[in-house]
J.: 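A single structure is presented below for examination.
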Amino acid sequence: MSRTVYLNGAYLPEAEAKISIFDRGFLMADGVYEVTSVLDGKLIDFSGHCARLGRSLKELDMAAPCSDAALLEAHRELIRLNDITDGMVYLQVTRGNPGDRDFAYPAADTAPTLVMFTQSKPGLADAPAAKTGWKVISVPDQRWGRRDIKTTQLLYPSMAKMMAKAAHVDDAWLVEEGMVTEGTSNNAYIIKGNRIITRQLSHDILHGITRAAVLRFASEAQMEVEERPFTVAEAKGADEAFITSASAFVMPVVELDGVAIGAGRVGATVTRLREIYLEEMRKAAI
Ligand code: PDD
């Protein structure tokens with residue numbers, strides 16, 4: 001069955017949604033995006049995703065396509081039209097179609113392009129991998145220097161994901177100057193004793209919406225949170241490790257570069273964090 005997607009104010013069958021070849025999203029990766037998960041037909045942490053979208057747009061001097069209220073309305077309409085129970089809504093804003101190719105940004109009155117679509121993922125919160133954990137490899141972080149802006153320049157993360165596939169593991173942790181930055185499409189954490197260690201916010205990593213919520217819940221659960229970079233060697237010697245993202249929630253990591261982390265099994269702390277996150281976020285879903 002064909003999906004109904006959203007393009008610049010219209011709800012269309014996916015085959016009818018067309019964008020110009022001159023759109024700067026296509027020619028320059030001049031676009032930003034958000035992925036919001038849906039559980040039981042409701043949006044998880046929508047306000048967080050909206051706030052980060054606003055920040056990404058501002059950092060790139062890009063106009064907001066519409067109000068947050070209109071975005072919420074469109075997300076809900078797509079969930080309804082596509083009958084999504086569990087899955088996600090993808091949103092992308094580009095600097096639009098100036099009618100030609102030019103490195104300079106077009107005039108401010110060039111209309112942005114706004115695209116949204118759904119992906120159905122039945123049982124999203126019950127992923128079997130949450131019980132067995134992910135295996136990851138470390139690879140050099142060769143992305144640009146403004147990873148805090150959620151742009152659609154995703155080629156290097158795709159390459160890193162393919163390196164992980166070639167190594168028969170689930171994902172890659174990106175490493176810069178000996179320190180882990182984050183996963184290909186998620187934030188990375190280790191646990192030592194009662195302490196969660198994750199890289200501090202800066203231009204080096206995406207400011208994960210799931211990260212913010214998980215660190216808040218961890219503090220409320222009397223866990224210590226230390227925001228600093230960690231090395232691959234430190235991760236290999238950790239008790240537990242995990243990643244967070246809107247699509248994987250809290251996902252245990254049990255192996256790094258072939259070395260078991262802790263007991264090499266999903267640990268109690270990660271399991272608890274995942275439970276708290278899903279319980280609290282389901283309660284607050286809209
Ligand atoms: N990725 N770091 C990177 C590089 C990411 O691409 C993502 C999200 C995250 C986690 O952010 P959040 O918790 O807000 O989802 C961290 C999304 C899910 C994606 O590209 O599909």
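Whatever order the structure lists ligands and atoms in, that order sets their numbers, starting from 1. We use all heavy atoms of the structure for the numbers below, so side chains are in, but hydrogens, waters and symmetry mates are not.
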J.: Which of the atoms in ligand 1, numbered in the order shown and given with their element, are less than 4.0 Å from a heavy-atom of N187?
T.: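 What qualifies from ligand 1 is 10 (C), 16 (C).
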
J.: Determine the interplanar angle of the Y189 and F242 rings, folded into 0 to 90°, and report it as parallel if under 30°, tilted if 30 to 60°, perpendicular if over 60°.
T.: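 Rings of Y189 and F242: parallel, as their planes differ by under 30°.
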
J.: Looking just at side-chain N and O atoms, do S138 and D257 make a donor-acceptor pair shorter than 3.5 Å?
T.: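 Side chains of S138 and D257: pair found under 3.5 Å.
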
J.: Could an N or O of ligand 1 be found under 3.5 Å from any N or O of I209, whether backbone or side chain?
T.: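 Yes; at least one N/O pair falls below 3.5 Å.
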
J.: Got the closest protein heavy atom to atom 21 (O) of ligand 1, with its distance?
T.: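 That would be V35 CG2, 3.6 Å.
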
J.: T113 and side-chain hydrogen bond (donor to acceptor under 3.5 Å, both in side chains): which single residue from N8, D23, D30, N97 fits?
T.: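 The passing option is D23.
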
J.: In terms of residue, atom name and distance, what is the protein heavy atom nearest to atom 2 (N) of ligand 1?
T.: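 Residue, atom and distance for the closest contact: E182 OE1, 2.6 Å.
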
J.: Less than 4.5 Å apart, side chain to side chain, heavy atoms only: is that true for L91 and T36?
T.: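 No. Closest side-chain heavy atoms not under 4.5 Å.
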
J.: Does S247 reach ligand 1 with a nitrogen or oxygen that is under 3.5 Å from one of the ligand's nitrogen or oxygen atoms?
T.: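 The answer is no, given that S247 and ligand 1 share no N or O pair closer than 3.5 Å.
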
J.: Would you call the rings of F46 and H75 parallel, tilted or perpendicular, where under 30° means parallel and over 60° means perpendicular?
T.: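 Ring orientation of F46 relative to H75: perpendicular.
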
J.: Decide whether the shortest distance between a heavy atom of R143 and an atom of ligand 1 is less than 4.0 Å.
T.: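 Yes, R143 has a heavy atom closer than 4.0 Å to ligand 1.
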
J.: Classify the angle between the aromatic ring planes of Y277 and F249 as parallel (below 30°), tilted (30 to 60°) or perpendicular (above 60°).
T.: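 Y277 vs F249 ring planes: tilted.
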
J.: Looking only at protein heavy atoms, which one is nearest to atom 19 (C) of ligand 1, and how far off is it?
T.: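 Scanning the protein heavy atoms, the shortest distance from atom 19 (C) of ligand 1 goes to Y33 OH, 3.7 Å.
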
J.: Would you say A246 has any N or O atom under 3.5 Å from an N or O of ligand 1, going by distance alone?
T.: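 Yes, A246 has an N/O under 3.5 Å of an N/O on ligand 1.
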
J.: Hey, does E34 sit under 4.0 Å from ligand 1 if you only count heavy atoms?
T.: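 No heavy atom of E34 comes that close to ligand 1.
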
J.: Tell me whether R95 forms a cation-pi arrangement with Y105, defined as NZ or CZ under 6.0 Å from the six-membered ring centre and within 45 degrees of its axis.
T.: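 The answer is yes, since R95 meets both limits relative to Y105.
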
J.: Closest heavy-atom contact between T231 and M179?
T.: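 Closest heavy-atom pair between T231 and M179: CG2-SD, 3.7 Å.
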
J.: Could you check whether any heavy atom of Y90 sits closer than 4.0 Å to an atom of ligand 1, since that is the contact criterion I want to use?
T.: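 Outside the 4.0 Å threshold, so no.
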
J.: What's the shortest distance from atom 6 (O) of ligand 1 to any protein heavy atom, and which residue and atom give it?
T.: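 For atom 6 (O) of ligand 1, the nearest protein heavy atom is S185 CA, 3.4 Å.
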
J.: T184: heavy atom below 4.0 Å from ligand 1, yes or no?
T.: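 Flag set, T184 near ligand 1.
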
J.: Could you check whether any side-chain heavy atom of I84 comes within less than 4.5 Å of a side-chain heavy atom of V89, counting everything from C-beta outward?
T.: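 With C-beta onward as the side chain, the pair stays apart.
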
J.: Checking a contact table here: which protein heavy atom is nearest atom 13 (O) of ligand 1, and how many Å away?
T.: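 For atom 13 (O) of ligand 1, the nearest protein heavy atom is T210 OG1, 2.5 Å.
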
J.: For ligand 1, which is the ligand I care about here, please tell me if R52 has any N or O atom under 3.5 Å from one of the ligand's N or O atoms.
T.: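 Looking only at distances, the answer is yes, because the N/O contact criterion of under 3.5 Å is met.
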
J.: Do C66 and L71 pass the side-chain contact (heavy atoms from CB on, under 4.5 Å) test, and can you show the C-alpha distance, the side-chain angles, and the key distance before you say yes or no?
T.: CA-CA 7 Å; C66 58; L71 288 182; 3.5 Å; yes

J.: Can you list the atoms of ligand 1 that are under 4.0 Å from a heavy atom of G208?
T.: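 Answer, ordered by atom number: 11 (O), 12 (P), 13 (O), 14 (O).
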
J.: Could you tell me whether T244 and ligand 1 have an N or O pair separated by under 3.5 Å?
T.: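 For ligand 1, there is no N or O atom that lies under 3.5 Å from one belonging to T244.
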
J.: Nearest to atom 17 (C) of ligand 1, what protein heavy atom do you find, and at what distance?
T.: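 Result for atom 17 (C) of ligand 1: K150 NZ, 3.5 Å.
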
J.: Atom CZ in R3, atom CG in L12: separation rounded to 0.5 Å?
T.: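 The CG atom of L12 is 13.5 Å from CZ of R3, to the nearest 0.5 Å.
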
